[in-house]
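First comes the structure, then the notes that go with it.
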Amino acid sequence: MKKEKPELYTDYLISNNGYATATGLSSMLDGEISHDLVTRFLSEEELHLERLMAAG
């Protein structure tokens, strides 16, 4: 997967019609990115709207 993590995550949130989960994102990508990787990304630092918007 070539997208940066913040961009990938925001795309997932926008396209999701239900609850957004790390497991759901991993499943949507056919396991290309593990749910553990998503969880670690989300816990690395405080996410700010400016950072997420800059990714898109």
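Throughout, numbering of the chain's residues begins at 1 and tracks the sequence. Since the model is a prediction, treat every value here as computed from it, not as a measurement.
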Rounded to the nearest 0.5 angstrom, the CG-CE distance for Asp11 and Met28 is 8.0 Å
Only counting residues at least two apart or in another chain, list the ones meeting side chain to side chain contact (heavy atoms under 4.5 Å, CB included) with Thr39. Ala22
Using 0.5 Å steps for rounding, measure from the CD atom of Glu32 to the CG atom of Leu25. 10.5 Å
Nearest atoms (heavy-atom pairs only) where Ile33 meets Ser26: O-OG, 2.8 Å
Evaluation steps, side-chain contact (heavy atoms from CB on, under 4.5 Å), between Leu13 and Tyr9: CA-CA 6 Å; Leu13 292 176; Tyr9 184 67; 3.4 Å; yes
Say you draw a straight line from CG of Asn16 to OG1 of Thr21; how long is it, rounded to the nearest 0.5 Å? 7.5 Å
